Every structure is written in C-alpha cells, then in structure tokens.
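Inspection log for the structure reproduced underneath, given as structure tokens.
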Amino acid sequence: MAHLKINYFSNALLKDCQMDVLLPQTTNDTTWDKNLLNDLPVIYLLHGMSDDNTSWLRKTRLERLLKNTAVAVVMPNADLSWYANTNYGLDYYTDIAEELPKVVHEFFPQISSKREKNFIMGASMGGYGAYRIALSTNQFSHAAALSGAFYPDGQNEILESFRPKEYWNGVFERKNFDNSQNNLMHLAKQKLACTEDVPKLYDWCGKQDFLYQDNQKFISELSQIGIQVNANFTNGKHDWYYWDKFLEDILNWLPIDYLPEERLC
C-alpha cells in the first residue's frame with residue numbers, strides 16, 4: 001500500500017492539521033477491479049487520548065493486514081479533544097466529522113462518498129469518537145470501537161483520573177452533558193427518532209479493562225432502545241496488544257473484500 005502523510009488547513013480549527021492515509025497501490029501482483037479502485041471504500045481510523053494520527057501505523061499490523069485489500073484508511077489527528085467542539089473554542093467535531101470527509105474526497109476523488117462504503121472506528125477515546133460521529137451524521141454505515149470510552153462524563157473514576165478537572169471541563173459542558181450532543185445515548189435516541197438508518201455497530205472490550213463495565217452497560221442500554229451491537233467481550237486489557245489482535249475481526253466484519261495475508265500456521 002501507499003502511505004501518505006498529509007498536512008492540510010482546517011477551516012473549522014483555523015490551523016494546519018495532519019492526517020496519515022493508506023491507499024491501495026496497483027502493482028504486478030494485484031488483480032483489483034478498476035471500477036473498485038475508482039470507488040474505494042474507506043475506513044476513518046481514530047486514535048485515543050495518549051496517541052495521535054501515527055499510532056495505528058506504529059503500534060498495529062494495519063498496513064500489513066490490508067496489503068491485499070482494496071480499501072483506503074484515513075487517520076486524522078484530534079489531539080485530546082474527544083472529537084468534540086470543545087469549550088475552549090477548538091471545533092474538532094466539525095473538523096473531523098464534517099470537514100475532513102470533504103477534504104479527503106477533494107484530495108482523493110477515487111475514494112467513495114457513498115455511505116455504504118464509508119466506515120469509522122477507533123480505540124478508547126477514538127471508539128467514543130467513532131460512535132459519536134456515526135450516530136450524529138449520516139456519513140457512515142458501520143462504526144466499531146475497541147475498548148470504547150463511552151462515558152466521558154465523570155462516571156468512570158479511573159478515566160477521570162487521567163487528566164485534571166480543568167481539562168475535562170474544557171472539553172465538555174458537564175452540567176448539561178445528559179442532553180448534549182456529547183452523550184452517546186442522547187445521540188442514539190435522536191438517530192432512532194429520525195428517518196436515517198442507524199449504523200451497524202461493533203464493540204470489543206477486554207474483561208480486565210477498566211472500561212469493561214462501561215462497555216457492558218452501554219451495549220445493554222442500546223439494546224433496551226432497540227439498537228443491537230455486535231459485541232465481543234473476551235479476556236484482555238486496555239492495551240495495543242489486544243486492539244491489534246482484534247483489529248482483524250473488525251476487518252472481517254466490515255463489508256469490504258478483506259483478503260487476509262497467507263499464513264502457514
């Protein structure tokens with residue numbers, strides 16, 4: 001695959017931003033249909049709190065796993081924003097949910113703009129971001145989370161301890177969180193109330209992860225309002241080893257022609 005590092009100007013943030021992009025490259029060994037290459041499915045891959053747009057490439061087998069598959073991958077940088085329009089005036093949600101897909105299609109017209117070919121996923125904060133963007137727009141047909149941090153409103157003491165209160169209050173309006181666009185359950189109920197299709201959802205979380213009970217609770221709450229999630233809870237911690245391990249499960253779940261690498265064992 002081709003790996004491109006791109007700097008672009010964000011009108012939403014009024015600053016230069018970065019993204020990494022993977023694109024399938026035609027070689028003597030590929031047999032991809034030209035029509036598919038001109039209407040490529042795309043995965044928007046979101047990072048977590050302590051990471052950036054390079055993390056998925058540095059810490060997983062992503063590029064190697066996709067070397068035989070005609071799919072594009074877009075990895076933006078969201079800093080510590082929780083993919084939100086923050087209280088401190090930086091509109092990361094607008095940048096990544098609304099502006100970035102337009103920039104991507106401008107730079108890469110071969111990447112499909114069709115909802116059924118646009119997917120979003122992430123780990124931890126990125127899992128929250130993937131669900132938030134998928135539930136609040138009509139851009140993505142599938143969304144997946146690995147160890148999704150679905151309750152960034154102060155309920156989880158361990159998550160809360162990662163940053164001081166000033167940080168959390170700068171990102172979210174805590175007093176009105178329940179009925180805000182930052183609350184995933186509020187977004188899910190809004191999605192059900194409109195005529196748009198609910199995206200298909202996948203979630204993995206390890207039983208030894210500090211977010212395990214949050215994931216169980218969130219999946220149960222979605223089920224109670226009629227939204228089913230392809231959930232997979234196994235042994236595992238909040239760690240890149242497990243996110244890398246279960247990345248391939250998501251690639252198999254997505255409606256892409258995923259072709260695994262040849263393995264002899």
Side-chain angles (χ1 to χ4, degrees), residues 12 19-23 36 39-48 53 56 62 66 69-78 81-85 91-146 148-150 181-204 218-219 222 226-231 246-247 249-258:
M19 63 175 158
D20 284 70
V21 177
L22 293 179
L23 289 175
L36 177 60
D39 192 33
L40 275 173
V42 58
I43 302 169
Y44 286 79
L45 193 48
L46 308 183
H47 66 78
N53 50 293
W56 282 99
L62 176 68
L66 290 176
T69 303
V71 63
V73 184
V74 175
M75 292 158 279
N77 185 34
S81 67
W82 284 83
Y83 302 90
N85 285 343
D91 293 344
Y92 278 92
Y93 172 84
T94 302
D95 171 53
I96 293 175
E98 300 176 6
E99 185 175 312
L100 182 63
K102 297 176 183 177
V103 172
V104 167
H105 296 137
E106 178 184 351
F107 290 170
F108 306 105
Q110 73 270 38
I111 290 180
S112 181
S113 60
K114 299 173 183 173
R115 181 178 185 269
E116 62 269 23
K117 289 193 171 187
N118 275 250
F119 322 117
I120 190 166
M121 61 174 284
S124 195
M125 180 185 81
Y128 164 86
Y131 272 40
R132 185 187 178 197
I133 293 171
L135 290 170
S136 60
T137 70
N138 199 34
Q139 175 76 20
F140 300 96
S141 63
H142 291 64
L146 295 163
F150 297 132
Q181 294 299 104
N182 299 315
N183 186 329
L184 296 184
M185 282 305 302
H186 180 68
L187 292 177
K189 292 174 182 178
Q190 283 187 327
K191 188 63 120 175
L192 287 174
C194 69
T195 58
E196 297 173 354
D197 292 336
V198 176
K200 291 181 170 58
L201 302 174
Y202 176 100
D203 179 45
W204 174 87
F218 183 64
I219 300 308
L222 285 178
I227 297 178
Q228 301 303 316
V229 180
N230 188 334
F246 288 95
L247 173 60
D249 283 17
I250 297 176
L251 297 178
N252 278 307
W253 170 74
L254 290 174
I256 58 176
D257 294 325
Y258 174 58

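Values in this document were obtained by computation on a predicted structure and should not be read as measured data. Counting from 1, the numbers follow the sequence of the chain as shown.
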Could you list the residues that satisfy side chain to side chain contact (heavy atoms under 4.5 Å, CB included) with [X], not counting sequence neighbours?
X      : value
Ser113 : His105
Val198 : Lys191, Leu192, Ile227
Ser136 : Tyr93, Leu187
Asp91  : Asn85, Thr94

How about [X] and [Y]: do any of their side-chain heavy atoms sit closer than 4.5 Å?
X      : Y      : answer
Arg115 : Asn138 : yes
Leu62  : Leu22  : yes
Thr137 : Glu196 : no
Met185 : Phe218 : yes
Met19  : Asn53  : no
Ile111 : Leu23  : yes
Pro41  : Leu36  : yes
Ile250 : Leu146 : yes

Would you please test Leu251 and Thr69 for side chain to side chain contact (heavy atoms under 4.5 Å, CB included) and show each step?
CA-CA 10 Å; Leu251 297 178; Thr69 303; over 6 Å; no
Residues Trp56, Val73; criterion side chain to side chain contact (heavy atoms under 4.5 Å, CB included); working and verdict:
CA-CA 10 Å; Trp56 282 99; Val73 184; over 6 Å; no
Treating Asp95 as the side-chain partner and Leu100 as the backbone partner, does any N or O pair qualify as donor plus acceptor under 3.5 Å?
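No, because the side chain of Asp95 does not come within donor-acceptor range (under 3.5 Å) of the backbone of Leu100.
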Flag, side chain of His47 to backbone of Asn77, donor-acceptor distance under 3.5 Å
no
Sole candidate of Tyr44, Trp253, Tyr131 that passes ring pair (Phe, Tyr, Trp, His ring centres under 6.0 Å) when paired with His142
Trp253
Between CD1 of Ile133 and OH of Tyr83, what distance do you get to the nearest 0.5 Å?
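The OH atom of Tyr83 is 7.5 Å from CD1 of Ile133, to the nearest 0.5 Å.
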Taking only residues at least two apart or on different chains, which pairs with a member in residues 116-144 satisfy salt bridge (charged side-chain N to carboxylate O under 4.0 Å, His left out)?
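Listed once each, the pairs are Asp39-Lys117.
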Shortest non-hydrogen contact from [X] toward [Y]:
X      : Y      : answer
Gly148 : Ala145 : CA-CB, 4.2 Å
Ala78  : Ser81  : O-OG, 2.7 Å
Ile96  : Pro101 : O-CD, 3.4 Å

Distance-only donor-acceptor pairs under 3.5 Å for side chains of residues 119-130, two or more places apart:
{"from": "Ser124", "atom 1": "OG", "to": "His238", "atom 2": "NE2", "distance (Å)": "3.0"}
{"from": "Tyr128", "atom 1": "OH", "to": "Asn182", "atom 2": "O", "distance (Å)": "2.6"}

Side chain to side chain contact (heavy atoms under 4.5 Å, CB included), that's the test. Do Leu222 and Leu184 meet it? Break it down for me.
CA-CA 10 Å; Leu222 285 178; Leu184 296 184; over 6 Å; no
